[in-house]
2 protein chains.
Amino acid sequence: MAQDRPYSALIDRLKTAGLRPTRQRLALAKVLFCQGNRHLTAEQLHAEAAMERVPVSLATVYNALHRFTGAGLLREVVVEPGRSYFDTNVDDHHHFFHEASGRLEDIPGDRLGLKGVPDAPPGTRVARVDVIIRLSQDEN
Amino acid sequence: MAQDRPYSALIDRLKTAGLRPTRQRLALAKVLFCQGNRHLTAEQLHAEAAMERVPVSLATVYNALHRFTGAGLLREVVVEPGRSYFDTNVDDHHHFFHEASGRLEDIPGDRLGLKGVPDAPPGTRVARVDVIIRLSQDEN
DNA sequence: CAATATATTAGAATGATTCTAATGTATTGT
DNA sequence: ACAATACATTAGAATCATTCTAATATATTG
Ligand SMILES: [Mn+2]
Ligand SMILES: [Mn+2]
Ligand SMILES: [Zn+2]
Ligand SMILES: [Zn+2]
């Protein structure tokens, strides 16, 4: 998976999405897309980019996350008030939310089925269906 | 449903929940529980209480909402970053979220079935399952 | 290499929520 | 009814995630 010129694939990915491949976006894309599926907050991504020795401003992190999301490279997941996760898995899937740790865990889309989803009310269409299974510590 | 001494039922409800029936809590409970099922933000509840001519501080609104939630009289629903709804329907049910208006609409729990819900990972238990069907404007 | 469009940034601003610590009120026991 | 006590309310400050502003820098195009 890791290549000799590890950036050329990422550059293409950004270009294809209509995004200029800037130094900052490449560093963020590397953190996001080269370590398997991840669920990250803006702050976490900002911290990881800093550790990669590419200091990116927090404003740029937010800009990039929103542009990546608009381009379909990411998906935003809201599970707690005042905190957004960005999900590198854009396939149809659902989530466990570990309340104790604040961690999200994927549930593949085909493992969980919905029966009897009502029709969208007139004038609307279903943009997305989110299923969140909230887990708390088992006190036994 | 509306009684001559409309507060006595609410007072009992608060007492049973282990909450002191103060003037402020009664006013908030009246707005919350005497108009059918509702999905309200703290700000909305604050505004409605003010219109009922019971000026309640915003801090008290938050305190009350959290205590009511802890007592099982309310349920908190998170659909958008930076905004919490409090739901007076504490039965098992799910939601349409109208992205255009920010409105939540109930889906009765028995109308929508989940198939193949995975077991909770070891050491955890399912605290709740939230299904949110996000609706956007149908552009036709 | 210029001209242009787009991106980055520091820092201020915003908006929801929480905190602090002073004051007020409900409850309990007598 | 009356203290004594526990708990609730409040204004205002503080916090935290996020967004905005407007100046500067960089990528793209011709
Ligand atoms: Mn965070
Ligand atoms: Mn609001
Ligand atoms: Zn995911
Ligand atoms: Zn509801």
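We use all heavy atoms of the structure for the numbers below, so side chains are in, but hydrogens, waters and symmetry mates are not. Residue numbers start from 1 in every chain, and the chains themselves are labelled A, B, ... in the order their sequence lines are given, proteins ahead of strands. The shown structure was predicted, so the numbers you read here are calculated from the model rather than taken from an experiment.
Take the nearest nucleotide of DNA chain C for A:Pro81 and for A:Arg67: the residue whose nucleotide is more 5' is A:Arg67. The nearest heavy atom of DNA chain D to A:Pro21 and to B:Val56 marks one nucleotide each, and the one closer to the 5' end goes with B:Val56.
Note: CZ (B:Arg83) to P (C:dT14) measures 19 Å, nearest angstrom. In this structure, B:Leu58 places its CG atom 16 Å from C1' of D:dA8, rounding to the nearest Å. Rounded to whole angstrom, the span from the CD atom of A:Gln24 across to the P atom of C:dT6 amounts to 17 Å. To the nearest angstrom, P of D:dA27 lies 14 Å from OH of A:Tyr7. Look at OH on A:Tyr85: it is 11 Å from P on D:dA17, rounded to the nearest Å. Between A:Glu80 atom CD and D:dC16 atom P the separation is 15 Å, expressed in whole Å. Atom-to-atom, CD of A:Glu76 to P of D:dA17 comes out at 15 Å; the value is rounded to the nearest Å. One interatomic measurement links the two molecules: CZ of B:Arg25 to C1' of C:dA26, which rounds to 10 Å at whole-angstrom precision.
Residue A:Arg23 has no polar side-chain atom (N or O) positioned under 4.0 Å from OP1 or OP2 of C:dA7. At the phosphate of D:dT18, neither OP1 nor OP2 sits under 4.0 Å from any side-chain N or O atom of A:His66. For D:dT28, the OP1/OP2 oxygens have no side-chain nitrogen or oxygen of A:Arg20 closer than 4.0 Å. In this model, the phosphate group of C:dT8 is approached by a side-chain N or O of A:Thr22 to a distance below 4.0 Å at OP1 or OP2.
Side chain to side chain, A:His93 and A:Asp87 meet the donor-acceptor criterion of an N or O pair below 3.5 Å. Side-chain contact of B:Arg83 with B:Thr41: a donor-acceptor pair under 3.5 Å is absent, judged by distance alone. Under the 3.5 Å distance criterion, with hydrogens and angles disregarded, a donor-acceptor pair is assigned to the side chains of A:His39 and A:Asp106.
In this structure, B:Arg75 is not positioned above the aromatic face of B:Phe86 in the sense of NZ or CZ being under 6.0 Å from the six-membered ring centre and within 45° of the axis. Geometrically, A:Arg103 does not engage A:Phe97 in a cation-pi contact defined by less than 6.0 Å to the ring centre and at most 45° from the axis.
Among the nucleotides D:dT9, D:dT18, D:dA11, the one closest to the side chain of B:Ala59 is D:dA11. In this structure, of D:dT28, D:dT10, D:dT18, it is D:dT18 that holds the atom nearest to the side chain of A:Tyr62.
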